[in-house]
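Accompanying notes for the structure given below.
All figures in this text were calculated on a predicted structure; none of them were measured in a lab.
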Amino acid sequence: MGREDAMHSVNSGPVAADAQRVQAYRAELLERIGRALPKDGSVEPLEGIRLNRVSSPTELAHGVSSPAFCVIAQGSKEVFVGDDRYHYDPMHYLLATAELPIVSHITEASPNRPYLSLSVKLEPTIVSSVMVSASRLAARSHGNVRAMNVSRLDADLLDAVVRLTRLLETPTDAPYLERLITREIIYRLLRSEQGDRLCYIAIQAGQTHQIARAIDFLHTELDQPLRIDDIAQKLSMSVSSFYHHFKAITAMSPLQFQKQLRLQEARRLMLAENLDAASAGYRVGYNDASHFSRDYKNLFGLPPRSDVKRLRKSITTGSLGKYHAGP
């Protein structure tokens with residue numbers, strides 16, 4: 001063997017081994033999720049662990065993200081937050097760190113190769129605990145960090161995800177090991193390029209913490225007029241600073257954010273509580289029914305009555321999966 005061949009062998013050995021390891025983990029993850037969820041749908045076999053299976057690409061669907069670590073075993077998906085687009089697949093994971101209005105759709109799925117995914121709910125108390133244990137008491141960067149992003153899924157993180165799915169078949173171990181493995185996943189995320197983003201969940205000091213409070217205001221005071229001056233004053237920020245930091249983190253202006261939250265809540269009210277459009281609009285802060293209908297159609301593509309009729313028909317026929325929403 002020549003010198004160059006020997007050097008290539010030395011350098012490529014660990015890389016090849018790592019690639020084989022990743023390939024084996026991906027195959028096992030695919031097999032375990034497929035076995036746990038043999039039909040289309042969504043289940044939560046362990047607390048905070050959700051599995052999804054969909055056998056065809058989906059239409060764009062509106063929803064609200066929750067803090068979660070999301071991995072795809074097969075297929076691919078796109079998530080839109082404001083003007084930002086995030087695409088992920090088995091080689092990448094998505095990290096969402098706030099409750100944001102989103103639009104998403106599954107882009108790759110078929111009956112023979114269904115979309116299979118797993119998400120881990122990220123609890124602020126657990127994230128904070130791991131941060132303290134890991135001596136990660138502050139973000140490395142003092143700048144604004146988007147509340148969602150996609151990164152490459154490395155072998156160590158994928159290993160932890162696979163071990164989490166193994167608990168699906170050993171329920172006696174799950175109560176003891178699930179939290180340990182979840183903490184390991186959080187630890188590895190903190191050590192990754194997404195570490196600063198994960199700090200958002202723990203509500204660190206600074207602008208990110210203030211925007212987290214602002215998001216909470218908008219959720220709890222959904223039906224109230226948006227008074228940016230008042231919110232900025234509560235946060236001890238100038239109006240321009242609040243607006244700038246809010247958009248830097250959420251990819252939306254406060255008004256866009258509130259409007260999407262209102263319209264999604266109105267849609268839920270019409271579906272779950274059988275309210276008519278005018279009543280649902282009023283409940284979320286619209287005093288003008290025509291204004292509500294216009295905004296609703298701009299967001300969902302159909303007037304309220306037609307959209308709700310379509311969704312109810314999908315629920316009745318069992319095809320609601322094509323409106324699959326969430327990160």
Side-chain angles (χ1 to χ4, degrees), residues 48-50 52 58 60-72 75-107 115 117-124 126-128 131 139-154 157 161 182 185-186 188-204 206-216 218-219 243-261 264 299 324-327:
I49 310 300
R50 180 162 294 277
N52 292 287
T58 65
L60 288 171
H62 296 261
V64 177
S65 68
S66 58
F69 164 68
C70 308
V71 172
I72 292 175
S76 61
K77 189 170 189 177
E78 284 184 335
V79 179
F80 298 88
V81 181
D83 295 328
D84 293 343
R85 167 186 171 273
Y86 303 99
H87 177 273
Y88 66 119
D89 53 33
M91 294 182 292
H92 301 84
Y93 68 89
L94 179 139
L95 183 67
T97 59
E99 294 184 351
L100 303 175
I102 63 172
V103 181
S104 64
H105 68 138
I106 294 166
T107 56
Y115 168 88
S117 69
L118 173 148
S119 64
V120 180
K121 184 178 180 181
L122 298 174
E123 296 287 354
I126 299 177
V127 174
S128 298
M131 286 175 62
R140 288 186 295 262
S141 169
H142 297 290
N144 295 308
V145 179
R146 279 279 196 267
M148 182 178 289
N149 211 345
V150 168
S151 290
R152 192 165 188 86
L153 185 60
D154 64 39
L157 195 50
V161 174
T182 299
I185 288 171
I186 292 169
R188 294 193 180 283
L189 290 171
L190 285 169
R191 294 287 301 273
S192 75
E193 64 183 25
Q194 296 253 34
D196 288 351
R197 183 165 293 101
L198 190 62
C199 291
Y200 183 102
I201 296 176
I203 311 182
Q204 295 297 293
Q207 307 295 355
T208 299
H209 167 54
Q210 291 171 304
I211 300 308
R213 290 178 59 202
I215 289 174
D216 186 55
L218 292 174
H219 276 278
Y243 188 94
H244 169 75
H245 290 297
F246 189 96
K247 192 164 186 179
I249 290 170
T250 69
M252 284 174 272
S253 70
L255 182 61
Q256 289 173 317
F257 190 99
Q258 185 200 52
K259 181 184 290 187
Q260 289 200 28
L261 285 182
Q264 291 190 40
L299 182 62
H324 184 274

Q | Leu95/Asn149 under side chain to side chain contact (heavy atoms under 4.5 Å, CB included): CA gap, chis, key distance, verdict | A | CA-CA 6 Å; Leu95 183 67; Asn149 211 345; over 6 Å; no
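One distance of note links CD1 of Ile72 with OH of Tyr88; it measures 4.5 Å at 0.5 Å rounding. How far CE of Met131 is from CD1 of Ile126: 14.0 Å, rounded to the nearest 0.5 Å.
Not one N or O on the side chain of Ser76 forms a donor-acceptor pair closer than 3.5 Å with the backbone of Thr107. Panel note: side chain Thr58, backbone Ile106; a donor-acceptor pair is recorded below 3.5 Å. Formation of a donor-acceptor pair under 3.5 Å by the Arg50 side chain with backbone atoms of Val120 is not found in this model. Side-chain N or O atoms of Ser253 include none that pairs as donor or acceptor with a backbone N or O of Lys247 at under 3.5 Å.
Scanning for side-chain hydrogen bond (donor to acceptor under 3.5 Å, both in side chains) contacts around His87 gives an empty result, with sequence neighbours left out. In this view, Ser151 and Glu193, Gln194 satisfy the side-chain hydrogen bond (donor to acceptor under 3.5 Å, both in side chains) rule, not counting sequence neighbours. Listed by chain and residue number, nothing satisfies the ring-ring contact (aromatic ring centres under 6.0 Å, His included) test with Tyr86 (two or more places apart in sequence, or in another chain). Listed by chain and number, the residues in a side-chain hydrogen bond (donor to acceptor under 3.5 Å, both in side chains) with Asp89 are His92 (sequence neighbours excluded). Annotation: ring-ring contact (aromatic ring centres under 6.0 Å, His included) contacts of Tyr93 (sequence neighbours excluded): Phe69. For Arg152, the side-chain hydrogen bond (donor to acceptor under 3.5 Å, both in side chains) criterion is met by no residue, not counting sequence neighbours.
With respect to Arg146, the side chain to side chain contact (heavy atoms under 4.5 Å, CB included) criterion is satisfied by exactly one of Thr250, Thr97, Asp84: Asp84.
Residues Met91 and Leu153 are not in side-chain contact: their nearest non-hydrogen atoms beyond the backbone lie 4.5 Å or more apart. Contact annotation: the side chain of Leu122 approaches that of Leu198 to within less than 4.5 Å [non-hydrogen atoms, C-beta and beyond]. In this structure, Val103 and Val79 have side chains that are not in contact, with every pair of non-hydrogen atoms separated by 4.5 Å or more.
A donor and an acceptor atom, one from each side chain of His105 and Glu78, are located under 3.5 Å apart.
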